[in-house]
Trainee: 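One structure, as structure tokens, below. Some questions next.
When a ligand or atom number is given, it counts from 1 through the structure's own listing order. These figures come from a predicted structure and were not determined experimentally.
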Amino acid sequence: MQTLIAGQVMTFDGDPFRDGPEAVRIDSHGAVLVENGRIAAVGPRERLAREAPQAQIIDHGEALISPGFVDAHVHYPQTAIIASWGKRLIDWLNSYTFPEEMRFSDPAYARRIAERYFDLTLSNGTTTVCSYATIHPESVDAFFEAAEARSLRALTGKVCMDRNAPDGLRDTPQSAYDDSKRLLEKWHGRGRLSYVITPRFSPTSTPEQLHMVGQLWKEHPDCLMQTHLSEQTDEIDWVKALHPQARDYLDTYETQGLLGERAIYGHAIHLTARERSRLLEVGASLVHCPTSNTFIGSGLFDMAGLKAEGQLVGLATDTGGGSSFSMLRTMAAAYEVGQLRHAPTHPAALWWLATAGSAEALHLGDRIGAIRVGMEADMIAVDLSSTPAIAQRSARAETVWEQIFATVMMGDDRAIRAVYVAGKPIS
Ligand code: GUN
Ligand code: ZN
């Protein structure tokens, strides 16, 4: 069974930060032929319709046909505490996050939030997320079961924390290793699911725990490893006090075997020159979480500088430290942060970051994040005139990027007209 999805199709020829905005192309009369969950052909609508006369045609008119959004850093267990007022990182964790994460010892609660989380992200056009779970193995099961039921490509891992967290929310070096290993063996590579080794961050792990988790990663080098790095200056001072022998924050991971090509570091705002050069040398990924970085008051990520030096960067909501489930809103925040740094990002580069850039940061760029033959058919149709405010601005636009930029800055879930997961429309 073939489906021909028609609209203004977005494809990528390269990285727009490196190759310029022309690397992102829009075919105003394009189409994507989907067969068995994958992209079988991409090209002009008339030609594909002729070449695949049996295909069912779904015509999205002037809507943009884009890869589904890829959210490279989220905390699905924080869904219910998004938009919690008035705290900076450490107080925010203690006041809002840890009490909520405690509730995930109840598998029924974990399942309920996982279902709610995927309903929210899919309605926002996000087809893949890389999430932190909680310390509870049940929270990983709940996430993967909900993702599997929806045929999603999805990633998560059990959070490891053995200090500076409340009773009921701490594991040990050994139990973190054992539980992570068991979950990894159960879920990693099952269908479209990937297990991610997940020490929360240096303040909540002893060096012994970081070391054991590093050992686990060494035994399973095909897994990604995710953690947080240099998000707030107070946090960095705390890391220095907890790890007095470390050269810098990254070193607390590096010395325990938690630095490598498949490492994903969330935030990475206040980096030293040594950290930047080590990250580049090993080819690790950094994830920009702009709504979170402004909401929690963390700082301004150096997108232009980091991309110019060749770092691998993804984009993420970081819900619920981030204040939105929408990757459109997240692109807008990335633009605003760029403006505050006197380095505005072109909408082509913002859109690329939210799709191919995040997929590449997660080492999934050969499967998702782009409309290309052979890729998994996770796609969205985006209405570029979804509200009266956007429609009137869009009508004034002289170029397609001017039109798209109105949706980047003002769009939300109302712009997402259709979502295809492995080629199938979801309602
Ligand atoms: N650092 C450690 N844990 C967290 C978290 O849950 N959210 C954010 N934004 N930063 C963190
Ligand atoms: Zn985070």
Side-chain angles (χ1 to χ4, degrees), residues 71-104 113 117 129-136 139 143 155-166 169-171 196-205 209-210 213 224-239 242-243 249-250 252-253 258 263-270 285-301 314-325 330 333 337 358 361-362:
D71 192 343
H73 178 126
V74 313
H75 298 256
Y76 95 83
Q78 298 169 11
T79 297
I81 56 132
I82 192 169
S84 291
W85 188 84
K87 305 282 185 204
R88 292 171 63 80
L89 179 59
I90 305 306
D91 291 339
W92 176 84
L93 284 171
N94 287 318
S95 308
Y96 301 122
T97 307
F98 290 159
E100 177 64 14
E101 292 193 10
M102 208 93 84
R103 301 176 70 168
F104 285 71
I113 298 295
Y117 177 74
V129 303
C130 182
S131 185
Y132 288 59
T134 66
I135 71 147
H136 313 96
S139 70
F143 175 93
L155 308 91
T156 198
K158 182 202 112 70
V159 159
C160 304
M161 292 200 277
D162 68 343
R163 66 168 164 178
N164 295 320
L169 216 55
R170 287 191 307 273
D171 50 16
V196 186
I197 295 169
T198 308
R200 183 176 214 120
F201 67 155
S202 281
T204 50
S205 288
Q209 177 168 78
L210 294 175
V213 172
L224 299 175
M225 187 285 302
Q226 62 180 348
T227 190
H228 296 86
L229 177 67
S230 296
E231 181 176 358
Q232 284 207 345
T233 50
D234 306 4
E235 171 210 17
I236 296 167
D237 292 342
W238 194 24
V239 168
L242 290 166
H243 300 262
Y249 196 154
L250 185 65
T252 64
Y253 299 131
L258 293 170
I264 320 286
Y265 299 104
H267 303 281
I269 300 169
H270 310 282
S285 299
L286 310 178
V287 185
H288 181 27
C289 308
T291 69
S292 169
N293 296 344
T294 52
F295 183 78
I296 307 187
S298 301
L300 306 177
F301 183 83
L315 186 67
T317 61
D318 188 33
T319 48
S323 54
S324 173
F325 295 96
T330 304
V337 169
S358 282
L362 298 175

Trainee: I need the nearest protein heavy-atom contact for atom 3 (N) of ligand 1: residue, atom name and distance, please.
Mentor: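 Answer, as residue, atom name and distance: R200 NE, 2.8 Å.
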
Trainee: Atoms of ligand 1 less than 4.0 Å from F201 heavy atoms?
Mentor: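 Taking each heavy atom of F201 in turn, ligand 1 has 1 (N), 2 (C) under 4.0 Å.
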
Trainee: Is the Zn ion (ligand 2) less than 2.8 Å from at least one N/O/S atom of H73?
Mentor: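 So H73 counts as coordinating the Zn ion (ligand 2), yes.
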
Trainee: Looking from the Zn ion (ligand 2), what is the angle between NE2 on H228 and OD1 on D318, to the nearest 10°?
Mentor: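 About 160°, to the nearest ten degrees.
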
Trainee: I need the single residue from F98, F143, Y76 that forms a ring-ring contact (aromatic ring centres under 6.0 Å, His included) with F104. Which is it?
Mentor: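 Only one of F98, F143, Y76 forms a ring-ring contact (aromatic ring centres under 6.0 Å, His included) with F104, namely Y76.
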
Trainee: So is E101 polar-close to ligand 1, meaning N/O to N/O under 3.5 Å?
Mentor: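 No.
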
Trainee: Purely on distance, is any nitrogen or oxygen of E235 under 3.5 Å from one on ligand 1?
Mentor: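 Among all N and O atoms of E235, none is under 3.5 Å from an N or O of ligand 1.
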
Trainee: If I take atom OG from residue S292 and atom CG from residue L89, how far apart are they, to the nearest 0.5 angstrom?
Mentor: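 Rounded to the nearest 0.5 Å, the OG-CG separation comes to 8.0 Å.
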
Trainee: Starting from atom 10 (N) of ligand 1, locate the nearest protein heavy atom and write down its residue, its atom name and how far away it is, to 0.1 Å.
Mentor: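 For this ligand atom, the closest protein heavy atom is E231 OE1, 2.7 Å.
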
Trainee: Check the pair I135 / E101 against side chain to side chain contact (heavy atoms under 4.5 Å, CB included), numbers first and verdict last.
Mentor: CA-CA 8 Å; I135 71 147; E101 292 193 10; over 6 Å; no

Trainee: Carefully, step by step, assess F325 and T79 under the rule side chain to side chain contact (heavy atoms under 4.5 Å, CB included).
Mentor: CA-CA 9 Å; F325 295 96; T79 297; 3.8 Å; yes

Trainee: Would you say H75 has an N, O or S atom lying under 2.8 Å from the Zn ion (ligand 2)?
Mentor: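 Looking at H75, which is the residue asked about, there is an N, O or S atom under 2.8 Å from the Zn ion (ligand 2).
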
Trainee: Using a 4.0 Å heavy-atom cut-off, say whether D318 meets ligand 1 through its side chain, its backbone, both or neither.
Mentor: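 Looking at D318 and ligand 1, just side chain atoms fall under 4.0 Å.
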
Trainee: Would a line drawn from the ring center of Y132 to the ring center of H228 be shorter than 6.0 Å?
Mentor: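 Ring-ring flag for Y132/H228: true, centres closer than 6.0 Å.
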
Trainee: Is it true that the side chains of Q226 and T198 contain a donor and an acceptor less than 3.5 Å apart?
Mentor: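 Their side chains do contain a donor-acceptor pair, which is all the 3.5 Å distance test asks for.
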
Trainee: Begin from the C-alpha positions of S298 and Q232 and carry the test side-chain hydrogen bond (donor to acceptor under 3.5 Å, both in side chains) through to its verdict.
Mentor: CA-CA 5 Å; S298 301; Q232 284 207 345; 3.2 Å; yes

Trainee: Can you tell me if W92 contacts ligand 1 (heavy atom of the residue under 4.0 Å from the ligand)?
Mentor: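 The answer is yes, since W92 has a heavy atom less than 4.0 Å from ligand 1.
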
Trainee: Number the atoms of ligand 1 from 1 as they appear, then name those within less than 4.0 Å of a heavy atom of L89, with their elements.
Mentor: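 Every atom of ligand 1 under 4.0 Å from some heavy atom of L89: 8 (C), 10 (N), 11 (C).
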
Trainee: Going through the distances and angles, do L242 and N164 end up as a side chain to side chain contact (heavy atoms under 4.5 Å, CB included)?
Mentor: CA-CA 11 Å; L242 290 166; N164 295 320; 3.9 Å; yes

Trainee: Among the heavy atoms of H267, does any lie under 4.0 Å from an atom of ligand 1?
Mentor: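 Within the 4.0 Å threshold, so yes.
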
